[in-house]
Student: 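Just dropping this structure here.
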Amino acid sequence: MSKNVINHTYDAVIIGAGGAGLMAALYASRSANVAVISKLYPTRSHTGAAQGGIGAALGNLEEDRWEWHAYDTVKGSDYLADQDSVDVLCKEAIETVIELEHMGLPFDRTDAGKISQRRFGGHTNNDTGKPVMRACHAADRTGHMILQTLYQQCIKNRVNFFDEYHVVDLIRVGDSVRGVVAISIITGEFHIFHSKAVLFASGGWGRCWEVTSNAHSLTGDGAAICLRRGIPLEDMEFFQFHPTGIFRLGILITEGVRGEGGVLINNEGERFMERYAPTIKDLASRDVVSRAIYLEVQAGRGINGKNYVHLDIRPETVNHYFEQAGEDRRISAAYIEEKLPDIADFTRTYLGVDPVKEPMPVQPTAHYAMGGIPTDVNGRVVIDAKNTVLPGLYAAGEVACVSVHGANRLGTNSLVDLVVFGRRAGNQMAKFCNEVELLPLPEDPTGEVMAEFERIRKNTGETKSYELRQAMQQSMTTYVGVFRTEETLTTGLEEIKRLKSRYSDIEIDDKGLLFNTDVLETWELGCLLELAEVTTVSALARKESRGAHARDDFPERNDDEWLKHTLIINEDGTYRLDYKPVTLGRYEPKPRVY
Ligand SMILES: Cc1cc2nc3c(=O)[nH]c(=O)nc-3n(C[C@H](O)[C@H](O)[C@H](O)COP(=O)(O)OP(=O)(O)OC[C@H]3O[C@@H](n4cnc5c(N)ncnc54)[C@H](O)[C@@H]3O)c2cc1C
């Protein structure tokens, strides 16, 4: 790497230009000088891939209330969510979605011209227990529309963007932060972004697993950087497997398909979710549906004995079940093309399957990190079980854990998390920047990370990073997947440690400086390996089943001992576990009823 280091000074830097980063930037830039740093061109962020919708109890098509949304979120979280944060999420969801509408987001419309809403897993009318239409959507391109709308607003408001800059370190001095270190992907030069405040909005780490809905860029850089700089990560054992990924590829088929009436069918032609969740059926929460698919496959009822089932949205199937349920709704082929155009396109392109005429082969796919950098409801990062704030450090979006999703996230609740808490974090950060002075940089802030990049670039060894990445992804899928036991997790941990020790043996092919994705992908692999390890350590310790964390050897939820958040802290390369209480509220933990 080049020895030239280029300096920039801003009030605040935001890492990530997805929904969370852009919403925070929009608000922070009203009174502070803000830079947004993104390793991707902003509109390529994963938020743009979100399909199904953004949840808000607008009640445009039927009665709904934010308190119902809050209850569903807490119940869906298996009671691990902090209920004060959930109240903020569900209450502010309504005004925030309307704010997005006013910014110009082209939502689908009802006949009366209001924002159109559809059903989604786990969202119910609390009086009847039946699914409620709460997911606001723009066809099946809701995230794309959010990202475009927010990006346009940021450009209009003259936010400073550093596109294709890869952040590789946080400058932390004791209990303060002083900025970040980044590499310009094009030139390979190091840049210091000296600032009063830093906000991580860098997204998830689905790439730890083999079959995932996540983009290649989702390597958990922000979470790993914070972990290395002594910031704990919260609830890392909870990683969501979405039930309907395209077989083998993992590409997501939105839950909106089931929201529109699609059903899951096994090899015997049975709509098996009627057995697992008799009331809410195919719209049960994701952990429940993923486990049901896994169990059907285990029982030999996968399609043709293979490890997938069918997702059927053909009008004749859907209308048959509508009729059976006494609903007067019917769908047509044209309706599917209108409401789910991208899904129809994906399955035709990637599988040669026309969803209007054939069922789609699906299997669970690693999808969403419930855990992450712990924050309060204003996006401030907290660093211990007493919720002590680290001044100047913020996090929002998937990388953060506020915790509104607890042990399992409901569909449509991530997009709303991004905008509600992105906005709060942006506001809070701007306020902080106006109150404090810029602190000086420490001596040689780039030294450590530059040395690591030199090492990766020049190292000679036997290991290729793509081989190591594949081995890690396979281990995580096999040992730290939908179902876990003491035995699988122990084997998984040994395996990850073994792979980590091979990391120092990697030799890359590209030794140059310009656009060296080889070196950056190897550095990202280092992040993934660390996150894989802390996920496994946290999962091994939690001896119960809750939400997405399903232990075959401890099949029950155990509130007496485990109604608490996990914190994992890096202390000179070894990990220490700590726990902090869950903030309860109106809803006392109840056993799960499906
Ligand atoms: C296929 C798919 C469909 C989904 N559908 C829905 C849905 O319908 N409803 C819903 O609520 N949720 C959905 N989700 C989840 C939701 O989209 C994500 O959780 C959310 O978009 C994450 O947003 P974010 O702003 O936190 O980060 P992202 O949008 O992932 O953006 C991360 C940003 O961080 C930047 N970055 C990362 N590391 C670095 C680094 N080291 N240096 C510089 N920049 C960096 C990237 O460039 C990027 O700009 C879906 C997810 C997927 C994968």
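All values reported here derive from a predicted model rather than from experimental measurement. Start at 1 and go down the list; that is how both ligands and their atoms are numbered.
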Student: Are there any N/O pairs under 3.5 Å between ligand 1 and the protein, and if so, what are their distances?
Tutor:
{"residue": "ligand 1", "atom": "5 (N)", "partner": "Gln51", "partner atom": "N", "Å": "3.3"}
{"residue": "ligand 1", "atom": "8 (O)", "partner": "Gln51", "partner atom": "N", "Å": "3.4"}
{"residue": "ligand 1", "atom": "8 (O)", "partner": "Gly52", "partner atom": "N", "Å": "2.8"}
{"residue": "ligand 1", "atom": "8 (O)", "partner": "Gly53", "partner atom": "N", "Å": "3.2"}
{"residue": "ligand 1", "atom": "9 (N)", "partner": "Gly53", "partner atom": "O", "Å": "3.0"}
{"residue": "ligand 1", "atom": "11 (O)", "partner": "Thr412", "partner atom": "O", "Å": "3.4"}
{"residue": "ligand 1", "atom": "11 (O)", "partner": "Ser414", "partner atom": "N", "Å": "3.1"}
{"residue": "ligand 1", "atom": "11 (O)", "partner": "Leu415", "partner atom": "N", "Å": "2.8"}
{"residue": "ligand 1", "atom": "19 (O)", "partner": "Glu398", "partner atom": "OE1", "Å": "2.6"}
{"residue": "ligand 1", "atom": "19 (O)", "partner": "Ser414", "partner atom": "OG", "Å": "2.8"}
{"residue": "ligand 1", "atom": "21 (O)", "partner": "Thr47", "partner atom": "OG1", "Å": "2.8"}
{"residue": "ligand 1", "atom": "23 (O)", "partner": "Thr47", "partner atom": "OG1", "Å": "3.0"}
{"residue": "ligand 1", "atom": "25 (O)", "partner": "Gly19", "partner atom": "N", "Å": "3.2"}
{"residue": "ligand 1", "atom": "25 (O)", "partner": "Ala20", "partner atom": "N", "Å": "3.0"}
{"residue": "ligand 1", "atom": "26 (O)", "partner": "Glu398", "partner atom": "N", "Å": "2.9"}
{"residue": "ligand 1", "atom": "29 (O)", "partner": "His46", "partner atom": "N", "Å": "3.4"}
{"residue": "ligand 1", "atom": "29 (O)", "partner": "Thr47", "partner atom": "N", "Å": "2.8"}
{"residue": "ligand 1", "atom": "29 (O)", "partner": "Thr47", "partner atom": "OG1", "Å": "2.5"}
{"residue": "ligand 1", "atom": "38 (N)", "partner": "Asp221", "partner atom": "OD2", "Å": "3.4"}
{"residue": "ligand 1", "atom": "41 (N)", "partner": "Val167", "partner atom": "O", "Å": "3.0"}
{"residue": "ligand 1", "atom": "41 (N)", "partner": "Asp221", "partner atom": "OD2", "Å": "2.7"}
{"residue": "ligand 1", "atom": "42 (N)", "partner": "Val167", "partner atom": "N", "Å": "2.8"}
{"residue": "ligand 1", "atom": "44 (N)", "partner": "Lys39", "partner atom": "N", "Å": "2.9"}
{"residue": "ligand 1", "atom": "47 (O)", "partner": "Ser38", "partner atom": "OG", "Å": "2.8"}
{"residue": "ligand 1", "atom": "47 (O)", "partner": "Lys39", "partner atom": "N", "Å": "3.3"}
{"residue": "ligand 1", "atom": "47 (O)", "partner": "Leu40", "partner atom": "N", "Å": "3.1"}
{"residue": "ligand 1", "atom": "49 (O)", "partner": "Ala17", "partner atom": "N", "Å": "2.8"}
{"residue": "ligand 1", "atom": "49 (O)", "partner": "Ser38", "partner atom": "OG", "Å": "3.1"}
{"residue": "ligand 1", "atom": "49 (O)", "partner": "Ser45", "partner atom": "OG", "Å": "2.7"}

Student: Ignoring hydrogens and geometry beyond distance, is a side-chain donor-acceptor pair present between Asn413 and His69 at under 3.5 Å?
Tutor: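 Yes, a side-chain donor-acceptor pair sits under 3.5 Å.
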Student: Could you give the side-chain donor-acceptor pairs of residues 161-168 under 3.5 Å, partners two or more places apart or in another chain?
Tutor:
{"residue": "His166", "atom": "NE2", "partner": "Asp221", "partner atom": "OD2", "Å": "3.0"}

Student: So, using side-chain hydrogen bond (donor to acceptor under 3.5 Å, both in side chains) as the criterion, who are the partners of Tyr368 when residues are at least two apart?
Tutor: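 Tyr368 satisfies side-chain hydrogen bond (donor to acceptor under 3.5 Å, both in side chains) with His405 only.
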Student: Only one of Arg286, Arg118, Arg119, Arg409 passes salt bridge (Lys or Arg N to Asp or Glu O under 4.0 Å) with Glu255; say which it is.
Tutor: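 Exactly one pass, corresponding to Arg286.
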Student: Could you work out, with ring-ring contact (aromatic ring centres under 6.0 Å, His included) as the rule, every residue matching Tyr308, not counting sequence neighbours?
Tutor: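 Residues passing ring-ring contact (aromatic ring centres under 6.0 Å, His included) with Tyr308: Phe247.
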Student: Has Gln153 got a side-chain atom pairing as donor or acceptor with Leu26's backbone, closer than 3.5 angstrom?
Tutor: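 Side chain of Gln153 to backbone of Leu26, a donor-acceptor pair under 3.5 Å: no, none is there.
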